[in-house]
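Here the structure is laid out as structure tokens; the discussion comes afterwards.
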Protein chains: 2
Amino acid sequence: MSIIFSKSCEYGLQAALYLARQPKDSPAHLREIATDLNIPYHFLNKVLQTLTRDRIVVSRKGANGGFALARSPKEIRLMDIVRAVDGQSSLDGCVLGFPACGDETPCPVHGQWKSAKGVILDMLEKKTLAELGKGLDGKLEFIAQSMIEAAEK
Amino acid sequence: MSIIFSKSCEYGLQAALYLARQPKDSPAHLREIATDLNIPYHFLNKVLQTLTRDRIVVSRKGANGGFALARSPKEIRLMDIVRAVDGQSSLDGCVLGFPACGDETPCPVHGQWKSAKGVILDMLEKKTLAELGKGLDGKLEFIAQSMIEAAEK
DNA sequence: CCCAATTCAGAGAATTTTGTCTTTGAAAAG
DNA sequence: CTTTTCAAAGACAAAATTCTCTGAATTGGG
Ligand code: SF4
Ligand code: SF4
């Protein structure tokens, strides 16, 4: 389970990463993505519709249709997906959430909280799907591995 | 809204902080806490029952009863409250949540994710209610301020 | 060109989880 | 006893997640 994101968002991130690792010019089918990543088919359908509307992925109907990234993985930040699926507001909150608080009237965890949040936002902001995909090549295939182990359970 | 915790947990943290700032030997009433912090009475009731069962707060019934911390604010970590209310499992998750992953088969954000999570867990682990309460004294009263501004809206 | 098969699009129903409220009971104080 | 206040079960509501079903675009084969 994700600590921070909704399931929609989690699935969106997974699917996008899946697409980033897909060979060029061969769109992936919804059915295939869903079973490989172990995501409910129709829920993923909805999430991908959102990503398509937001021009993060493109879809084609009919035979040899499917889903593919709309632009280079280098140009898609994790943040883009989060914003598309969960909305910006999902990142604005706080751990404690006192009624009125902020930099002017901070509670005593405010400093640590901001730094933790900084690390997370930085990650989402800076990491692209391309970088996500890198670091795997040469080593064992992360997703494939996941699938195998998931199937074993 | 809290990014990480359920509302129960958020309310639990707020209530605990409220109790920490309460003068010694004068338990606070559920009704009072709920209205001051703007938390639904009966929901807070449930949360405080949980904290009581977990011996983080103690309750007394009847006239001049109420709730108070079970031990010194110095000895209650934020983590204790989170675990009591949301359970340990609420802290075990990940942002991406691939089917099979971990330190052995990490995905490429794993490093950054662990560090972000480290900051958060560290905060929950190390900060006590006492430290939370400090940093406020002398300055404007954080909670009071919150209440005033909340009432204005 | 037309048809059948394939695959995404979308509305909306059903389910599950989470958050809130209602009601009754039990303990403590005076 | 009577009042005050917490304890607890469970009804109810709202939100998140999952499923059902119908429609529309595309392709390739007659
Ligand atoms: S002051 Fe900062 S850390 Fe504290 S509740 Fe407000 S936003 Fe959160
Ligand atoms: S490898 Fe680490 S960061 Fe990646 S999905 Fe798994 S737990 Fe999360």
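In this text, all values refer to a predicted model and were calculated from it rather than measured experimentally. Lettering follows sequence order; numbering is per chain, from 1.
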**Request:** Decide whether A/Y11 and A/Y41 are clustered together by the hydrophobic rule: side chain heavy atoms of Ile, Leu, Val, Met, Phe, Trp, Tyr closer than 4.5 Å, transitively.
**Result:**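 They do share one cluster, since a chain of ILVMFWY contacts under 4.5 Å joins A/Y11 to A/Y41.
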**Message:** According to a hydrophobic-cluster definition based on side-chain heavy atoms being under 4.5 Å apart (Ile, Leu, Val, Met, Phe, Trp, Tyr only), do A/M79 and A/I76 belong together?
**Reply:**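 Per the 4.5 Å side-chain linkage, A/M79 and A/I76 are co-clustered.
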Between [atom2] on [N] and [atom1] on [X], what's the gap in Å once rounded to a whole number?
{"X": "B/F43", "N": "D/dC12", "atom1": "CZ", "atom2": "C1'", "answer": "14 Å"}
{"X": "B/Q49", "N": "C/dT23", "atom1": "CD", "atom2": "C1'", "answer": "14 Å"}
{"X": "B/L48", "N": "D/dT5", "atom1": "CG", "atom2": "C1'", "answer": "13 Å"}
{"X": "B/L44", "N": "C/dT20", "atom1": "CG", "atom2": "C1'", "answer": "12 Å"}
{"X": "B/L37", "N": "C/dT20", "atom1": "CG", "atom2": "P", "answer": "14 Å"}
{"X": "A/N38", "N": "D/dT18", "atom1": "CG", "atom2": "C1'", "answer": "14 Å"}
{"X": "B/K7", "N": "D/dA13", "atom1": "NZ", "atom2": "P", "answer": "19 Å"}
{"X": "A/L30", "N": "D/dT18", "atom1": "CG", "atom2": "P", "answer": "14 Å"}

**Presence of salt bridge, B/R71 and B/D80, under 4.0 angstrom** =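 The answer is yes: the pair qualifies as a salt bridge.
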From C-beta outward on [X], which listed nucleotide comes closest to its side chain: [options]?
{"X": "A/A63", "options": "C/dC8, C/dG10, D/dT27", "value": "D/dT27"}
{"X": "A/N64", "options": "D/dA7, D/dG28, C/dA9", "value": "D/dG28"}
{"X": "B/P40", "options": "D/dT27, C/dC21, C/dG19", "value": "C/dC21"}

**Base C/dT20 to side chain B/K46, donor-acceptor N/O within 3.5 Å cut-off** =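 Donor-acceptor pair under 3.5 Å: yes.
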Indicate whether OP1 or OP2 belonging to [N] is found under 4.0 Å from a side-chain N or O atom of [X].
{"X": "B/Y41", "N": "D/dT5", "value": "no"}
{"X": "B/S59", "N": "D/dA7", "value": "yes"}
{"X": "A/R60", "N": "D/dA25", "value": "no"}
{"X": "B/H42", "N": "C/dT20", "value": "no"}
{"X": "B/N45", "N": "D/dT5", "value": "no"}
{"X": "A/Y11", "N": "D/dT18", "value": "yes"}
{"X": "B/R53", "N": "D/dA8", "value": "yes"}

**Prompt:** Any donor-acceptor pair under 3.5 Å linking the side chain of B/K117 with the backbone of B/L91?
**Reply:**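 Present.
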**Message:** Taking the nucleotide of DNA chain D with the nearest heavy atom to each, does A/K61 or B/G62 sit closer to the 5' end?
**Reply:**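 Going by which nucleotide is closer to the 5' end, it is B/G62.
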**Message:** Within the 4.5 Å heavy-atom criterion, are A/S90 and A/V82 side-chain neighbours or not?
**Reply:**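 Yes, at least one pair of side-chain atoms sits under 4.5 Å.
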